[in-house]
Each structure stands twice: as structure tokens, then as C-alpha cells.
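No experiment lies behind these values; they were computed from the predicted model shown.
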Amino acid sequence: MPTRPFALGRSRPLSGDPGAADARPLELPAHHLVTHGVVVGMTGSGKTGLVMVLVEEALRSGVPVLMVDVKGDLPNLLFTFPGLSPAEFEPWIDPSAAARDGRSTADVAAELAARWRAGLASSGLGPADVAALRACMAPRLLTPGTTAGEPIHVLSALEAPSSLWDEDEEAAREALSASLSLLLRLVGRDPDPARSREHVLLAHLAERRLRARRAAGLEALLADLAAPPIAAVGALAVDEFFAPKERQALARELNTLLASPTFATWRKGAPLDVAAWLAPQAGSGGGKTPAVIVSVAHLDDDERLLVLGLLFDQLLSWVRGLSGTSDLRALVVFDEVFGFLPPHPANPPTKRPLLALLKQARAFGVGVVLATQNPMDLDYKALSNAGAWFVGRLQTDADRERVVEGLSGADGGAGGVAAAALSATLKALPPRTFFVRDVHRQPPAFLAETRFSLSWLRGPVTRREVGRLVRSLSPPPEAPAPTRDSLDPRRVHPDSTDDSLDPRRDYPEFTDNSLDHRRVHPDSTDDSLDPRRNYLNSTDDSLDPRRNYLNSTDDSLDPARASPDPTRAAHGPSSPARRAPVGPGGTVLLDPRHAPSTPLPARRSGAARADAGAPAPAAPPPAAPAPPPPPEGWRSLYAHAPAVAPEGFRYIPWVAASVIAHLRDTKLGVALNRSQLLAAPLLPDGKPDLSRVTRLDPSLLSPSPVAGARFAELPAPLAKRTAAQAAARALREHVYRTTEAAVAVHRELGLAQAEGEPLEAFAARCRAAAARLAAAEQQQVIGRFAPRIARLGERIAAAKARYDQAEAEVAALPGAVGAALLGLVAGRDTARRAGTQRDKATAKLERARQEWTEADAALRDLHAAQGAELSALEQLPLHAGEGIETKRLVPRKNDVEVAFVALAWAATLAGPA
């Protein structure tokens with residue numbers, strides 16, 4: 001159902017007069033704001049009133065609104081008094097201001113009520129419309145950093161596990177990145193997610209916890225910084241990537257922030273969840289439309305930039321997760337945007353996400369309205385992305401010229417109005433009247449007189465009054481602090497049994513008994529593997545894939561292990577298999593520090609589960625056999641054994657291979673080598689299961705097994721001599737299909753990023769190469785211009801010599817008075833000849849002067865042209881980074897080689913009786 005048009009007031013042609021008969025109601029279709037809007041106007045132009053009318057119309061039309069308030073005006077939306085009676089206005093009248101005017105608060109309230117009632121009546125509105133607005137909206141006043149309103153937990157993406165990690169991994173990672181950037185800005189560290197080592201390390205540590213549905217608050221991150229639970233970051237060990245001393249320094253800074261009493265306010269309140277804020281609210285009369293006000297008026301400038309940068313990052317993440325639409329789905333309003341979206345080169349934390357919203361949000365039905373007093377406050381890219389302009393009266397000529405230039409550049413002319421006429425129109429606009437340019441209308445330009453707002457525009461609201469306003473609402477109850485039980489995935493998703501880690505979601509062919517040894521060796525006589533026994537009811541779970549160390553999550557992060565809930569202490573038979581813990585770069589973590597210190601409780605049979613009393617009897621452990629010898633051409637590797645007795649676990653065979661991929665680009669001179677140790681479970685036919693290939697860290701493998709441990713039998717097909725060759729071919733093919741690398745290149749300079757070279761170092765190398773190239777080309781330019789400059793110099797010297805000679809000749813001849821005297825003495829003929837000679841010498845002098853002047857001007861032009869070329873070359877190193885691009889490298893089949901094939905024995909727990 002299309003959204004109702006926004007009733008903004010009255011419109012009239014540009015040539016009309018105020019109050020003229022050609023004025024008619026102004027209805028702005030809601031979808032016109034999908035392409036965003038800009039409101040500019042000096043103080044007193046009615047700019048805030050227009051913004052409030054837009055907000056009211058959006059709410060009346062059922063469009064959720066998110067408002068960013070930096071001045072304190074937007075909470076005026078909550079001053080909606082259905083009765084329009086003096087009693088409703090009086091509690092909000094300033095007694096001291098009324099006393100200065102010699103009146104009581106009751107008198108002021110009565111005057112305001114009468115004025116507002118009359119103003120609404122002039123716009124065709126009344127108390128019923130105010131009551132309808134109040135009834136349809138679900139207001140919320142959020143105040144980060146203070147409890148005056150509803151506080152915001154700005155680090156909620158860190159400290160509260162989110163279901164987004166299951167539903168939208170990219171959105172969850174963007175929210176995490178924004179929170180970490182804010183955290184690093186608060187301690188004065190580099191917040192760049194791509195270049196900051198602090199950000200990269202904290203992101204790995206936090207994501208590891210959040211994926212396991214555990215909080216990643218500051219306390220937890222401090223512990224992980226002291227003793228990192230991961231072995232490597234990318235291709236480097238943790239200590240090489242971030243030295244222990246540097247980690248300690250970062251931990252001290254974060255701890256200082258954590259200990260700050262003022263920081264505690266930032267860690268409580270509503271989660272920073274834009275999707276939840278803008279979700280329709282249930283009401284007694286049907287769904288209510290969210291009206292969310294984020295007020296930062298009480299914060300200082302730096303805090304505003306940090307908080308709003310995080311807010312806009314979260315907003316952008318939410319927008320990108322929406323489906324496309326041409327209807328107005330939500331409206332974002334930012335009043336007084338000065339300093340948050342400034343022109344180049346200023347780049348505060350709010351600029352990038354705001355520009356991204358203006359460029360991308362329209363495709364998802366989210367409109368953005370920006371309001372400011374001075375159009376020069378906004379980056380030109382923001383102005384060019386706005387389809388609707390509302391321009392009120394502007395005080396300075398520079399402001400008017402900027403707007404006229406922007407309007408003319410947007411459509412080749414502001415609705416057919418000449419620039420001078422448009423400038424005069426803007427200068428003469430009365431209050432609450434705006435020049436409107438809407439690219440969706442024909443003609444696109446007209447004048448608009450805004451209607452009276454349904455809300456009382458009282459002016460900025462103080463922090464104490466914010467508290468009163470919030471108490472007058474019915475805020476939702478504060479979210480309880482997260483507990484271990486609240487992190488139970490079965491409690492988050494009561495209709496599931498913690499399948500967030502179920503490999504069957506990624507590998508449909510996977511079943512709980514896909515690693516059941518009986519399926520590989522159905523003829524085995526091992527009683528513990530007797531096919532007549534019910535595998536799911538067996539007490540021998542040595543082959544339980546949920547406990548496979550190459551195919552399980554880190555037990556230290558298992559919420560079932562951490563939870564005191566007795567229902568999670570024992571896994572039922574339908575508990576899914578868990579994926580291997582993955583660290584930076586996809587490395588599987590087999591760190592023995594995270595192995596369970598005591599055996600897990602055994603699974604209980606169906607009869608035992610029915611009986612509330614005795615546990616299932618334990619199966620006697622079989623004798624520990626010797627390790628099976630590897631097939632011909634294979635070697636053996638062993639996962640670190642868990643901290644249990646040898647009879648408490650069993651080794652299960654996987655296939656592993658050390659594969660080297662050579663990635664080359666001869667044109668760019670790039671040669672990279674990627675070595676990987678890959679492992680995959682064995683299928684019944686002895687081939688690797690390529691759908692479940694994982695990467696191993698060689699440092700976390702042991703060259704020998706634990707004495708006395710038990711081993712599962714090898715699949716019979718592995719005894720064939722061709723098994724190793726087949727496994728090598730399969731894993732080599734997998735590496736060929738899946739391996740790639742991204743390297744930065746500069747094609748114009750013929751440079752490529754070296755292996756292990758940071759991007760900053762490569763950019764510096766490009767600048768240095770560009771500087772050398774520019775210096776060489778400058779010498780060429782100088783050499784090219786030198787002959788022409790020399791020739792012009794010679795022309796100037798010759799012209800100057802002729803000029804000097806002609807000037808001497810003219811000086812030697814008599815002037816006009818001398819010629820007259822000469823005629824009296826020597827006769828007229830002599831005087832005439834002397835005059836002729838003088839005229840010739842004067843003409844010669846003029847020609848010499850002209851030649852000298854022309855040659856000198858040509859020389860100056862030549863020097864200017866040379867200087868321009870040299871100056872342009874001087875700029876080349878400064879713009880060298882703009883030529884850097886990313887080259888994707890993939891190996892050829894012949895460039896992938898297998899160093900060796902091995903059996904990787906995975907340690908699989910077997911619970912006690």
C-alpha cells in the first residue's frame with residue numbers, strides 16, 4: 001500500500017505573491033524523499049519547523065524516523081498536547097523568563113495555547129490531529145553517555161552476543177568493527193579496520209568469542225591480550241604480529257578506560273541496534289510507528305563525532321541488509337549537520353558513513369534529510385546526492401552563490417529561473433517560506449509555505465528536561481545484564497537445539513555418524529564398534545564427531561561447558577557435530593591449552609534417560625593397539641592429545657597434505673608462494689572429503705602419539721599404492737580451485753607489492769618511484785623548452801640592439817623645433833630632408849620596440865608553459881597512491897605441488913562410565 005503524501009503546507013509558483021490566489025496545498029509524495037533532502041536556511045528562517053513538519057508527516061504516514069539531535073530542538077516532537085490547553089503547556093514554561101516579562105506562567109501558557117490553536121486552525125488542523133499523531137507514534141529519547149534519557153550501550157556489539165553472526169555475518173562483522181574503532185579512538189589509537197594492527201588483533205579476539213556466543217567485553221579482551229588464545233594472525237605468529245610489550249601497553253590503556261567512572265555510563269542502557277529501534281511497536285490501537293531521537297546535545301565535540309560515527313556505521317550496516325524498494329521505508333533526519341559532513345579535506349568519523357548512506361540508502365528505501373544554516377557546511381558530494389532542496393532565507397552573498405551554483409549545476413538551471421533572479425528570490429524569502437527544487441516534479445522549482453507544526457516548537461531542551469520527558473513516556477524495561485543462561489543458544493532460539501555450529505547446515509551430506517568407524521569397517525570385530533549396537537544409544541562415544549578435535553569448537557568457548565545449567569551438562573543424542581575452531585586466516589586451532597581438563601560425561605542411553613536414577617553402564621575399554629603403520633608413501637602426524645588418560649580418547653585417521661601454490665604474474669614481476677598444510681576426513685572409499693577441508697597449523701601437531709592410546713583402523717582402500725597419489729591429486733585440485741591472493745599493483749609505474757610488504761610501505765615506494773619518474777621527465781621538459789628559450793633570448797637581444805641603435809639615431813636628429821630653425825637657416829629643402837630622416841628613424845625605433853615586446857611576451861609565455869608542465873610533474877608523487885589497484889592472483893594447475901601426504905590422527909574423546 002503506497003505511503004500517503006506528506007502535507008507540508010501550501011505551494012505557489014515562483015512568480016506568485018504571498019497569499020495569492022494561485023497558492024494550493026503542497027503534498028510531497030513520500031517516495032520523493034527516498035532520493036534524500038537538504039534543508040538550508042539562516043536562523044529564524046523556519047528551518048527547524050520544516051524539519052519537524054517532515055518528521056510529523058512521516059510518522060502520520062507510518063514511516064519510522066530516526067532523528068539525530070545535536071542542539072536540543074528535536075525533542076520538541078514530544079511536546080504534543082492533544083487538548084491544546086494552557087494546563088498542558090504550563091509545566092514546561094520557564095518561570096524566570098515569565099517573571100522577567102512581568103507575567104505568570106499561567107498567563108504565558110494561556111497565550112501559547114491560544115496561539116498554537118489558531119496556528120493549527122490556519123493550516124486546517126486541530127486537537128484531533130495532535131491526538132492522532134501522539135497515538136500513532138512510539139517515541140524514544142536516547143542519550144548516550146548520560147542517564148538523563150534512555151542511555152545507549154555503545155559497545156553492545158562487543159558485550160552482547162548477537163544472532164547476526166548466524167543470520168548476516170557481514171553485518172555482524174561491520175558492527176563489531178565500528179565498536180572497536182570507537183574503542184580505539186577513545187584511547188587515542190589508530191581506528192582503521194584495514195591498517196591498524198590493534199584493530200585487527202582485537203577483531204580476531206572478539207570475533208572468536210562472539211561466534212561462540214560469549215561476550216567480548218573489555219575484561220575478556222584484556223585477558224586475551226595478556227594470553228592470546230590464538231596462535232597466529234594471518235601468516236605471522238601472534239608475537240611477531242603484535243609484540244608482547246606492545247600488547248601490554250594497549251592493555252594498560254584499555255584498562256584505564258575500563259576503570260574510568262565516566263566510561264561506565266557508556267556501557268549500560270539500550271543496545272545499539274538500529275533494526276530493533278525502527279521495528280514497528282505494538283500498541284493498543286494497532287502498530288505504532290517508531291520515532292527515535294538520539295540526542296548528543298550534552299556531549300562535547302569529540303564525543304559527538306565518536307558516538308555518531310558509530311551510530312552511522314551501524315545504520316549503514318542495517319541499510320545494506322535490507323531488500324531493495326522504491327518506497328520510503330524509513331527516514332533519517334539530521335538537524336544542524338555543521339561539522340559532521342564538512343567539505344574536503346576534513347574527514348571526521350561521521351563523514352564516510354554519511355556519504356555512503358547518501359549514495360546507497362536510496363536503493364533500500366531509506367531517505368536522509370540534512371539540515372544546516374550554511375550550505376558551505378556540507379560537502380559538495382552530499383549536496384549533489386540530494387533530490388529535494390528546501391532553501392530558506394540566506395543572509396550572506398557567499399551562501400546564496402553556493403546554493404545558486406549547486407541548483408544550477410544539478411539540472412542545468414533552477415526551473416528556468418536565472419541565477420540573478422534566484423539569488424534575489426532567496427534574499428527576499430519571508431520566514432517559513434522556502435524555495436523548493438524537487439527533481440521528481442514538473443516544474444521542479446516552486447515556493448513553499450510550511451504549515452504549523454503539531455508539536456510545540458519550544459526550543460532547546462535541557463538535560464534535566466530530557467529526564468522529565470523520558471519519565472513522561474512509557475519506556476521499555478531496561479534489558480537485563482547478559483548471564484550465562486542468556487548466552488545459551490537454545491534460549492536465544494528456543495525452537496532449535498543449538499544448530500548454529502551444526503556442520504549439516506553447511507554440508508547437507510554430513511550425518512552424526514559420518515565418522516562412525518563401523519561405516520568404514522563394517523566387518524570389524526571390535527565390540528565397541530559392534531554394528532548390532534545402537535550407535536546413538538551407545539555409551540562408547542569415542543567416535544562421536546561432536547568431540548573430534550579436528551572437527552569441534554574450542555571447548556573453552558563452548559557455552560554448554562561454561563553454563564551451570566544442568567540441562568546443558570550432558571549432550572543428548574541429537575546434539576549436532578561442531579565445526580573446527582578457526583583462527584586468523586582459517587587456521588584450525590589444535591592448542592592443547594584449550595583441551596578439557598577432565599573427561600566429558602558419557603552420553604546416556606534411551607533407557608537410562610527414561611530412568612531418572614542410575615547412569616548408563618560404562619563399556620570396558622579395549623586393549624590399546626599399536627599405531628597402524630602409514631601406507632606406503634605416507635607419513636603420520638598427530639593432533640595434540642587432550643588432558644585425559646590414554647584410554648579416555650581414540651585417534652581417528654584424517655588425510656593431510658603439505659601443498660605449495662606458486663602464484664605468478666610475469667608482466668608485473670609478482671611471484672608469491674603459498675604453503676598450506678591441509679586436512680580432510682576420510683570417506684569410506686579412502687578418499688578425502690573435499691567438502692570439509694581445513695587448514696592446520698603445523699606447530700600445533702605432534703610427531704608422535706601418546707603411549708597407550710587407542711587407534712581406529714584405517715580404511716581398507718588406503719592399503720593401495722595409488723591411495724597417496726589419489727589423495728595428493730584431490731588436495732592439489734582443491735588448492736588450485738580455492739587458492740588466490742590479492743596484491744597491490746601500480747600498472748603505470750610497473751610496480752607490485754612484495755610479499756609481506758605493508759600497503760603503506762608499498763604506497764611510499766610508489767611515491768618514491770613517481771618522484772624519480774617526475775624528476776626524469778622534468779629534465780626532459782627542460783631540455784625540450786631550452787632551444788626555444790634560447791632562440792627567443794637571441795631575438796630579444798637583437799631587437800634590443802636595433803632599438804638602441806634607432807633610439808640613438810632619433811636622438812641625433814633635430815626635433816620639430818630644431819627642424820623649424822634649420823629651415824630658417826638652411827632653407828626648406830634641408831628642413832624637409834631632416835624631417836624625413838627623423839620620421840624614418842622614429843618608425844625604425846617603433847618597429848624595434850614592437851619586436852622586443854613581442855619576443856619578451858613570447859619568452860614569458862614559454863616560461864609559463866614550462867612552469868606549468870614542471871608543476872604538474874611535481875604533483876605526480878602526491879597522487880601516486882591513486883593509481884594503486886588490487887590484482888587477484890590465482891595459480892595455474894602446473895604451479896601447485898604436493899610436498900608430502902600424511903595421516904593426521906585426530907584425538908577423539910571417549911567419555912568415562
Under the criterion side chain to side chain contact (heavy atoms under 4.5 Å, CB included), I'd like the reasoning laid out for W266 against L155: C-alpha separation, chi angles, the key distance, then a yes or no.
CA-CA 8 Å; W266 298 86; L155 298 181; over 6 Å; no
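- Taking T256 as the reference, nothing meets the side chain to side chain contact (heavy atoms under 4.5 Å, CB included) condition, with sequence neighbours excluded.
- Of all heavy-atom pairs spanning L299 and R304, the tightest one is O-NE, 3.0 Å.
- A donor-acceptor contact closer than 3.5 angstrom is absent between the side chains of E449 and T433.
- Under the 4.5 Å side-chain criterion, counting only non-hydrogen atoms from C-beta, P25 is not in contact with R10.
- Using a distance-only test at 3.5 Å, with no hydrogens or angles considered, a donor-acceptor pair links the side chain of H36 to the main chain of V368.
- Looking only at distances, a side-chain donor or acceptor of N76 sits under 3.5 Å from a matching main-chain atom of R458.
- Other residues, nucleotides and ligands place no more than 12 heavy atoms under 6.0 Å from the CZ atom of F338.
- Remark: side-chain polar atoms of Q360 are not paired, donor with acceptor, to backbone N or O of L357 under 3.5 angstrom.
- L306 is listed as a side-chain neighbour of L186, based on a closest heavy-atom distance under 4.5 Å.
- With F446 as the aromatic partner, R441 meets the cation-pi criteria of under 6.0 angstrom to the ring centre and within 45 degrees of the ring axis.
- The shortest side-chain heavy-atom distance between F263 and V154 does not fall under the 4.5 Å cut-off.
- No side-chain heavy atom of D438 sits less than 4.5 Å from a side-chain heavy atom of W389.
- Side chains of R134 and T80: a donor on one and an acceptor on the other come within 3.5 Å.
- Looking at L112 and I93, their side chains come closer than 4.5 Å, going by heavy atoms from C-beta outward.
- Residues passing the salt bridge (charged side-chain N to carboxylate O under 4.0 Å, His left out) test with E111 are R103, R115, sequence neighbours excluded.
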Checking side chain to side chain contact (heavy atoms under 4.5 Å, CB included) for the pair L33/L54: CA distance, chi angles, key distance, verdict?
CA-CA 10 Å; L33 288 179; L54 287 171; 4.2 Å; yes
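- When the ring pair (Phe, Tyr, Trp, His ring centres under 6.0 Å) test is applied to F452, the partners found at least two apart in sequence or on another chain are W116.
- Defined by atom type and a distance below 3.5 Å, a donor-acceptor pair is missing between the side-chain atoms of H31 and D327.
- Remark: the backbone N or O of V63 is not paired with any side-chain donor or acceptor of S61 at under 3.5 angstrom.
- The shortest distance between side-chain heavy atoms of L429 and F434 does not fall below 4.5 Å.
- When every heavy atom of P75 is checked against every heavy atom of I293, the shortest pair comes out as CA-CD1, 3.9 Å.
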Would T146 and R463 count as a side chain to side chain contact (heavy atoms under 4.5 Å, CB included) if you check the C-alpha gap in whole Å, the side-chain angles of each, and the deciding distance to 0.1 Å?
CA-CA 9 Å; T146 180; R463 184 184 302 192; 4.0 Å; yes
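- For the pair V292/V65, no side-chain contact is recorded, criterion being any heavy-atom separation below 4.5 Å from C-beta on.
- The shortest side-chain heavy-atom distance between L141 and S295 falls under the 4.5 Å cut-off.
- Here the CG atom belonging to N385 is positioned 10.0 Å from the OG1 atom belonging to T35, to the nearest 0.5 angstrom.
- When atom types are taken as modelled, the side chain of S45 and the backbone of G392 share no donor-acceptor pair closer than 3.5 angstrom.
- Of the N and O atoms on the side chains of E465 and T462, at least one donor lies less than 3.5 Å from an acceptor on the other residue.
- With sequence neighbours left out, the side chain to side chain contact (heavy atoms under 4.5 Å, CB included) criterion links P375 to V40, L394, D399, R402, V403.
- Between H298 and P144, the closest heavy-atom pair is NE2-O, 2.7 Å.
- Looking only at distances, no side-chain donor or acceptor of W456 sits under 3.5 Å from a matching main-chain atom of L77.
- The salt bridge (charged side-chain N to carboxylate O under 4.0 Å, His left out) check on R60 picks up E57, D129, with sequence neighbours excluded.
- Residues satisfying the ring pair (Phe, Tyr, Trp, His ring centres under 6.0 Å) test with F334, not counting sequence neighbours, are F312, F340.
- Atom CE of M67 and atom CG of D73 lie 12.5 Å apart (nearest 0.5 Å).
- Not counting sequence neighbours, the partners of A110 by the side chain to side chain contact (heavy atoms under 4.5 Å, CB included) test are P86.
- Salt bridge status for E150 with R140: present, with a side-chain N to carboxylate O gap under 4.0 Å.
- The OG1 atom of T425 sits 12.5 Å away from the CZ atom of R393 when rounded to the nearest 0.5 Å.
- Among residues two or more places apart in sequence or in another chain, the ring pair (Phe, Tyr, Trp, His ring centres under 6.0 Å) test is passed with H153 by none.
- D69 pairs by the salt bridge (charged side-chain N to carboxylate O under 4.0 Å, His left out) definition with nothing, not counting sequence neighbours.
- In this structure, K71 and P460 approach most closely via the heavy-atom pair O-CB, 3.8 Å.
- Annotation: salt bridge (charged side-chain N to carboxylate O under 4.0 Å, His left out) contacts of E303 (sequence neighbours excluded): none.
- Sequence neighbours left out, the pairs with a member in residues 330-340 that pass salt bridge (charged side-chain N to carboxylate O under 4.0 Å, His left out) are K47-D335, K47-E336.
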Going through the checks in order, is the side chain to side chain contact (heavy atoms under 4.5 Å, CB included) test met by R432 and T450?
CA-CA 6 Å; R432 293 178 53 197; T450 58; 3.7 Å; yes
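- Atom OG of S123 sits about 11.0 Å away from atom CG of L8, to the nearest 0.5 Å.
- Under the 3.5 Å distance criterion, the side-chain polar atoms of D313 are left unmatched by any main-chain donor or acceptor of P353.
- With R437 contributing its side chain and P444 its backbone, the two residues share no donor-acceptor pair below 3.5 Å.
- Atom CG of L370 is separated from atom CG of L354 by 6.5 Å, given to the nearest 0.5 angstrom.
- Atom-to-atom distance recorded for T48:OG1 and Q373:CD is 8.0 Å, nearest 0.5 angstrom.
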Test log, rule side chain to side chain donor-acceptor pair (under 3.5 Å), inputs S317 and Q314:
CA-CA 5 Å; S317 174; Q314 296 279 2; 5.4 Å; no
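- Under the side chain to side chain contact (heavy atoms under 4.5 Å, CB included) criterion, P127 pairs with L84, R117, not counting sequence neighbours.
- Shortest non-hydrogen contact noted between A270 and L142 is CB-CD2, 4.4 Å.
- Using a distance-only test at 3.5 Å, with no hydrogens or angles considered, a donor-acceptor pair links the side chain of T143 to the main chain of G149.
- Without hydrogens or angle criteria, E56 side chain to S455 main chain gives a donor-acceptor distance under 3.5 Å.
- Between R267 and E219 a salt bridge is recorded (basic side-chain N to carboxylate O distance below 4.0 Å).
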